[in-house]
Amino acid sequence: MSKKVLILSGSPRKGGNSDILCDEFLRGAQDAGHKAEKIRVAEKKAAPCSGCYYCSTHGGACVHKDNMADILQKMIDADVIVLASPVYFYSISAQLKTVIDRTVARWLEVKDKEFYYITTMADEEKSSADTTLACFRGYADCVEGAAEKGVLVACGVYEPGAVCGTPAMAQAYEMGKNV
């Protein structure tokens, strides 16, 4: 059965290592016959959540008029959501965190999702991604019916493109293919 796959690439660097792994996941998902799309969140306009709760009295519409309504609708419509980010001070990128926070407008509609997580980092110790993964899992814990399906941590990659030629490339492709 074909699934709708939404990949949220949190890398602020186009062609950064986590962004490259998103492309491999996308390729694998498409090769398996799934309808897959990657959104580079850094290329979208998404203001930080104001915590005003305008959305709660306006049918989920946000006071900020930006690209988030479209992104959020795609999250609601997706069967699979991939959250990808480089590790920044043991957490996720600000760009991806903004998107996650802004789902509050319609968060109860984001449900029954399969989640995959992709992280990259310069550090060689895989455990350095633990708090980044905890951020992803914290969001998934708020999604009714969420199921974690795969995790990819690419260590020791800093310079853009450093992930190319590593086993992480094949792992990302296979994760996408096996959605």
Side-chain angles (χ1 to χ4, degrees), residues 1-44 46 67 70-88 91-100 103 110-123 126 128-140 143 145-179:
M1 179 178 91
S2 179
K3 296 180 183 178
K4 287 184 184 176
V5 178
L6 180 64
I7 302 166
L8 297 174
S9 175
S11 177
R13 296 191 299 189
K14 187 175 185 174
N17 293 306
S18 61
D19 194 49
I20 290 169
L21 293 177
C22 286
D23 290 337
E24 284 302 293
F25 190 104
L26 176 72
R27 191 171 66 87
Q30 289 173 334
D31 285 354
H34 301 293
K35 183 178 180 188
E37 175 183 5
K38 179 181 91 167
I39 296 175
R40 286 195 20 77
V41 296
E43 294 176 353
K44 301 294 182 183
N67 297 128
D70 182 50
I71 295 169
L72 182 50
Q73 187 60 55
K74 288 178 182 192
M75 292 175 75
I76 291 166
D77 294 341
D79 300 304
V80 175
I81 297 175
V82 179
L83 300 175
S85 177
V87 174
Y88 284 174
S91 193
I92 62 176
S93 69
Q95 294 84 353
L96 187 57
K97 179 65 168 126
T98 297
V99 167
I100 289 171
T103 65
V110 182
K111 58 185 175 184
D112 301 322
K113 306 299 177 199
E114 295 178 2
F115 280 95
Y116 291 83
Y117 309 132
I118 296 173
T119 63
T120 57
M121 60 188 173
D123 198 320
K126 192 172 183 178
S128 294
D130 289 351
T131 51
T132 303
L133 293 171
C135 288
F136 291 155
R137 290 176 176 135
Y139 176 63
V143 173
E148 182 177 310
K149 294 293 189 170
V151 176
L152 173 56
V153 177
C155 305
V157 293
Y158 175 71
E159 294 298 326
V163 75
C164 295
T166 70
M169 295 291 284
Q171 291 170 338
Y173 176 82
E174 289 301 318
M175 272 197 336
K177 194 170 181 183
N178 294 318
V179 161

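- With sequence neighbours excluded, the residues forming a salt bridge (Lys or Arg N to Asp or Glu O under 4.0 Å) with D70 are K74, listed by chain and number.
- What you find for A29 and V5 is that their closest heavy atoms are CB-CG2, 4.4 Å.
- Minimum heavy-atom separation, G15 to I20: O-CD1, 3.3 Å.
- If you take CG on L8 and CD on Q95, they are separated by 12.5 Å, rounding to the nearest 0.5 Å.
- Nearest heavy atoms, G10 versus V41: CA-CG2, 3.7 Å.
- Applying the salt bridge (Lys or Arg N to Asp or Glu O under 4.0 Å) criterion to K97, with sequence neighbours excluded, gives D101.
- Of all the heavy atoms in V143 and K111, the pair that sits closest is CG1-CA, 3.8 Å.
- The shortest heavy-atom contact between F115 and A146 is CE1-CB, 3.7 Å.
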Pairs of donor and acceptor atoms involving the side chains of residues 150-166, under 3.5 Å and at least two apart or interchain, shall be tabulated with distances.
from, atom 1, to, atom 2, distance (Å)
T166, OG1, V163, O, 2.6
T166, OG1, A168, N, 3.3

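- To the nearest 0.5 Å, atom OG1 of residue T132 and atom CZ of residue R137 are 11.0 Å apart.
- Of the inter-residue distances, the one linking I92 atom CD1 with T131 atom OG1 reads 10.5 Å to the nearest 0.5 angstrom.
- Sorted by first and then second residue, the pairs that involve residues 14-29 and meet side chain to side chain donor-acceptor pair (under 3.5 Å), not counting sequence neighbours, are S9-D19, D19-K38, D23-K38, E24-R27.
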For residues 77-87, please give each side-chain donor-acceptor pair under 3.5 Å, one per line with the distance, not counting sequence neighbours.
from, atom 1, to, atom 2, distance (Å)
D77, OD1, Q73, NE2, 2.9
D77, OD2, Q73, NE2, 3.4
D79, OD2, K4, N, 2.8
S85, OG, S93, N, 2.9

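- The closest donor-acceptor contact from the side chain of T103 to the backbone of I100 lies under 3.5 Å.
- Checked against salt bridge (Lys or Arg N to Asp or Glu O under 4.0 Å), E174 has no partners two or more places apart in sequence or in another chain.
- At distances below 3.5 Å, at least one donor-acceptor pair connects side-chain atoms of K113 with backbone N or O atoms of I76.
- Sequence neighbours left out, the pairs with a member in residues 4-26 that pass ring-ring contact (aromatic ring centres under 6.0 Å, His included) are F25-Y116.
- Remark: T98 engages A46, R102 in a side-chain contact (heavy atoms from CB on, under 4.5 Å) (not counting sequence neighbours).
- Judged as a salt bridge (Lys or Arg N to Asp or Glu O under 4.0 Å), and not counting sequence neighbours, R13 has no contacts.
- Between Y117 and F136, the ring planes are parallel. Angles under 30° get that label, and only those over 60° would be called perpendicular.
- Applying the side-chain contact (heavy atoms from CB on, under 4.5 Å) test to S128 and every residue at least two apart in sequence or in another chain returns Y90, M121, D123, E125.
- By the side-chain contact (heavy atoms from CB on, under 4.5 Å) test, A147 pairs with K149, sequence neighbours left out.
- Considering only residues two or more places apart in sequence or on other chains, K44 meets the side-chain contact (heavy atoms from CB on, under 4.5 Å) condition with I39, N67, I71.
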Item to check | Pair L21-M169, side chain to side chain contact (heavy atoms under 4.5 Å, CB included): steps then yes or no | outcome: CA-CA 6 Å; L21 293 177; M169 295 291 284; 3.8 Å; yes
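- Heavy atoms only, all atoms of each residue included: L26 and A36 are closest at CD1-CB, 3.4 Å.
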